[in-house]
A.B. asks: 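Questions regarding the structure given below will be posed in turn.
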Amino acid sequence: MVFDASGKPAPLANSINECMFTGPSLQPLLWDILIRARMTPNLLLADIQKAFLQIGVKETDRDAFRFLFEIDGKEEHFRFARLPFGVEASPFLLGATLGYHLEQQPTRFEETVTALKENTYVDNIMKTGSDTDDLRKFKEESSIILEDAKFPIHKWESNIACLEDENIPNPSKILGHDWDKQEDTLEFEAATMPENQPITKRSILSRLGRVYDPLGMVSPTMAEGKHIFRDACEEKKGWSAEVSESLKREWIKWNNQMKNVKVPRAITKKSDVIEGIQLHLFADASDLACCAATVAVVEHKSGTVKDLLTSKS
């Protein structure tokens, strides 16, 4: 059940989320985690099972989570006794609870605790590394640590088959991206715009917003789409008014060439020790766009590999 804490009884009324102190963000940055995922030969992922529902709500605070539910035609009043989904403060409360529990761990778990702090995003756990034994140790120790706090871990998955749970599908997901574990690639999806949909500023912006690409792997292509949106804004038409015929042709051409993009999940080699990493940054600007790109150059004993790490336009 998802608790709609953003719902309002009237347009001018406040929602529960608007009245609630959400707390500071305790999560590591999503971008940082994805960068670390690309700079390691092997990856281990897992989920905390029903993470929010493992946390109890104080008796004195439960009135904030009161809701109505119809049973046998009669409207009943209920209160959440567990931390519900859909509340602005839930990620903070989950992060604070996990953080407190991690601080109580003995020093023998120090390495695993550090990895959990750096790479746990809400209820998603990640561990990077090159050595299978180290990843197996993390799997065992993190299960002990979190299950002691009644946070059971499930859905272990990795590009190393022996570390996976049974019946884990492939491809799976890394924080919203499709991950093919056999090919060890990330796929960036480009959902096309329906052909019969009117081309307006609103539909163009909606289409651009549907491309999920925090690392900027398709940023050069997106720059052209953003430029078309800027030209549409300069026409000074309403949000629901169709753009000019010339812009329609440009938009249809751009939209039709958008394809799903696959990139290697790991820039580093699997069987080689990393001797050094260089980051080469490039930036440029013109009247049409400005952009920056970072290329990672990874030095191994057997040679050097390089690839686009991230970009922004």
Side-chain angles (χ1 to χ4, degrees), residues 27-46 111-112 114-121 124-139 156-164 168 170-190 211-223 258-284 291-313:
Q27 312 294 336
L29 294 177
L30 179 72
W31 187 87
D32 291 355
I33 296 176
L34 289 171
I35 289 292
R36 287 193 282 271
R38 296 208 69 211
M39 296 300 294
T40 181
N42 297 316
L43 200 60
L44 180 64
L45 303 179
E111 186 176 337
T112 298
T114 300
L116 286 170
K117 287 180 178 179
E118 291 179 350
N119 294 314
T120 299
Y121 189 80
N124 299 284
I125 295 171
M126 184 183 82
K127 178 70 171 76
T128 62
S130 57
D131 187 77
T132 303
D133 290 336
D134 287 344
L135 294 174
R136 185 178 288 108
K137 177 185 175 185
F138 171 83
K139 181 179 179 180
W156 287 102
E157 53 186 320
S158 174
N159 56 313
I160 303 174
C162 64
L163 296 176
E164 283 207 314
I168 296 295
N170 185 55
S172 62
K173 294 278 189 180
I174 299 180
L175 297 176
H177 288 306
D178 287 338
W179 178 30
D180 188 317
K181 291 169 285 186
Q182 293 181 351
E183 296 181 4
D184 206 10
T185 57
L186 296 178
E187 184 170 7
F188 299 83
E189 296 183 352
V211 179
Y212 177 67
D213 180 28
L215 290 179
M217 293 292 103
V218 294
S219 188
T221 302
M222 293 300 296
M258 286 290 287
K259 306 292 181 185
N260 290 1
V261 175
K262 278 190 175 184
V263 299
R265 194 273 307 162
I267 296 177
T268 59
K269 292 182 179 179
K270 292 185 180 300
S271 58
D272 232 346
V273 176
I274 297 175
E275 294 189 333
I277 298 175
Q278 299 177 23
L279 297 179
H280 295 233
L281 278 69
F282 305 89
D284 203 355
C291 63
T294 301
V295 175
V297 180
V298 184
E299 299 171 357
H300 299 277
K301 285 185 178 181
S302 59
T304 301
V305 294
K306 55 184 178 292
D307 202 348
L308 177 66
L309 181 63
T310 185
S311 69
K312 183 75 173 177
S313 67

A.B. asks: Would you check if the side chain of D178 reaches a backbone N or O of K173 as a donor-acceptor pair within less than 3.5 Å?
C.D. replies: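 Absent.
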A.B. asks: Could you report the tightest heavy-atom contact between T132 and C162, atom names first, then the distance?
C.D. replies: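 Residues T132 and C162, closest heavy atoms: CG2-SG, 4.1 Å.
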A.B. asks: Where is the tightest heavy-atom contact between N42 and S130, given as atom of each residue plus distance?
C.D. replies: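 Nearest heavy atoms, N42 then S130: ND2-O, 3.1 Å.
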A.B. asks: Looking at I274 and H300, what are the two nearest heavy atoms and their distance?
C.D. replies: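 Looks like CG1-CE1, 3.7 Å.
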A.B. asks: Could you list the residues that satisfy salt bridge (Lys or Arg N to Asp or Glu O under 4.0 Å) with R36, not counting sequence neighbours?
C.D. replies: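 So R36 forms no salt bridge (Lys or Arg N to Asp or Glu O under 4.0 Å) with any residue.
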A.B. asks: Got a sec, which residues hit side-chain contact (heavy atoms from CB on, under 4.5 Å) with K117, two or more places apart in sequence or on another chain?
C.D. replies: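 K117 satisfies side-chain contact (heavy atoms from CB on, under 4.5 Å) with L102, E103, V113 only.
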A.B. asks: Without swapping roles, check the side chain of E157 against the backbone of E164 for a donor-acceptor pair under 3.5 Å.
C.D. replies: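 A pair under 3.5 Å: no.
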A.B. asks: Would you give the length of the straight line joining atom CD of E189 to atom NZ of K262, rounded to the nearest 0.5 angstrom?
C.D. replies: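 These two atoms lie 11.0 Å from each other.
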A.B. asks: Mind checking whether L175 and L30 have side chains closer than 4.5 Å, heavy atoms only?
C.D. replies: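 Yes - at least one pair of side-chain heavy atoms lies under 4.5 Å apart.
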A.B. asks: Measure the CG-OG1 distance between L44 and T128 for me, rounded to the nearest 0.5 Å.
C.D. replies: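 So the CG of L44 and the OG1 of T128 are separated by 10.0 Å.
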A.B. asks: Name all residues meeting the side-chain contact (heavy atoms from CB on, under 4.5 Å) criterion together with Q182; count only those two or more places apart in sequence or in a different chain, and write none if there are none.
C.D. replies: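 So Q182 forms a side-chain contact (heavy atoms from CB on, under 4.5 Å) with N170, D180.
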A.B. asks: Quick one: do N260 and E187 satisfy side-chain hydrogen bond (donor to acceptor under 3.5 Å, both in side chains)? Show the steps, please.
C.D. replies: CA-CA 7 Å; N260 290 1; E187 184 170 7; 3.1 Å; yes
A.B. asks: Taking 4.0 angstrom as the limit, do R265 and E183 come out as a salt bridge?
C.D. replies: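 Not counted as a salt bridge, because no side-chain N and carboxylate O are separated by less than 4.0 Å.
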A.B. asks: Checking S219 side chain against S313 main chain: does a donor-acceptor pair fall under 3.5 Å?
C.D. replies: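 Confirmed, S219 side chain pairs with S313 backbone.
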A.B. asks: Let me see the working for L163 and W156 under side-chain contact (heavy atoms from CB on, under 4.5 Å), right down to the final yes or no.
C.D. replies: CA-CA 7 Å; L163 296 176; W156 287 102; over 6 Å; no
A.B. asks: Identify the heavy atoms of P214 and L34 that sit nearest to each other, and give their distance.
C.D. replies: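 Shortest heavy-atom separation between P214 and L34 comes out as CG-CD1, 3.5 Å.
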A.B. asks: List the steps and the verdict of side-chain contact (heavy atoms from CB on, under 4.5 Å) for T221 and M258.
C.D. replies: CA-CA 8 Å; T221 302; M258 286 290 287; 3.3 Å; yes
A.B. asks: Under the side-chain contact (heavy atoms from CB on, under 4.5 Å) rule, collect the residues that match up with E299, sequence neighbours excluded.
C.D. replies: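 side-chain contact (heavy atoms from CB on, under 4.5 Å) check on E299 returns Q278, T304.
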A.B. asks: Quick one, F188 with L186, criterion side-chain contact (heavy atoms from CB on, under 4.5 Å). Give me CA distance, side-chain angles, the key distance, then yes/no.
C.D. replies: CA-CA 7 Å; F188 299 83; L186 296 178; 4.2 Å; yes
A.B. asks: For D133, enumerate each residue passing the salt bridge (Lys or Arg N to Asp or Glu O under 4.0 Å) test, keeping only those at least two apart in sequence or located in another chain.
C.D. replies: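 In terms of salt bridge (Lys or Arg N to Asp or Glu O under 4.0 Å), with neighbours along the sequence ignored, D133 is linked to R136.
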A.B. asks: What class does the angle between the rings of Y212 and H177 fall in, given that below 30° is parallel, 30 to 60° is tilted and above 60° is perpendicular?
C.D. replies: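 It falls in the tilted class, 30° to 60°.
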A.B. asks: Does T294 offer a backbone N or O that forms a donor-acceptor pair with the side chain of T310 under 3.5 Å?
C.D. replies: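 Not at all, since once roles are kept as given, no pair shorter than 3.5 Å links the two residues.
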A.B. asks: Report the distance from atom CG of D134 to atom NZ of K139, rounding to the nearest 0.5 Å.
C.D. replies: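 That separation rounds to 15.0 Å.
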A.B. asks: Donor-acceptor pair, distance only, cut-off 3.5 Å: does the side chain of N124 make one with the backbone of Y121?
C.D. replies: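 Present.
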A.B. asks: Quick one: are K181 and S172 in side-chain contact, heavy atoms under 4.5 Å?
C.D. replies: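 K181 reaches S172 side chain to side chain.
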A.B. asks: Where do A115 and K127 come nearest, in terms of heavy atoms and distance?
C.D. replies: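 Nearest heavy atoms, A115 then K127: CB-CD, 3.7 Å.
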A.B. asks: Could you measure the distance from the CD1 atom of I267 to the CG atom of L308? Nearest 0.5 Å is fine.
C.D. replies: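 Here the interatomic distance stands at 7.5 Å.
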A.B. asks: Verify side-chain contact (heavy atoms from CB on, under 4.5 Å) between I35 and L309, making sure each step is shown before the conclusion.
C.D. replies: CA-CA 7 Å; I35 289 292; L309 181 63; 3.7 Å; yes
A.B. asks: Take atom CD in E111; do more than 12 heavy atoms of anything else shown fall under 6.0 Å from it?
C.D. replies: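 Result for CD/E111: open.
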A.B. asks: Please test D184 against W179 for side-chain hydrogen bond (donor to acceptor under 3.5 Å, both in side chains), starting from the C-alpha separation and ending with a verdict.
C.D. replies: CA-CA 7 Å; D184 206 10; W179 178 30; 2.9 Å; yes
A.B. asks: Please list all pairs meeting salt bridge (charged side-chain N to carboxylate O under 4.0 Å, His left out) that have one or both residues in residues 302-312, counting only residues at least two apart or in different chains.
C.D. replies: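 Checked against salt bridge (charged side-chain N to carboxylate O under 4.0 Å, His left out) - neighbours excluded - the pairs reaching residues 302-312 are R38-D307.
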A.B. asks: Please check this pair: side chain of T185 against backbone of P264, looking for a donor-acceptor N/O pair closer than 3.5 Å.
C.D. replies: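 No; zero donor-acceptor contacts below 3.5 Å.
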A.B. asks: So, for T120 and I125, which heavy atoms are closest and what is the spacing to 0.1 Å?
C.D. replies: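 Reported closest heavy-atom pair: OG1-CG1, 4.1 Å.
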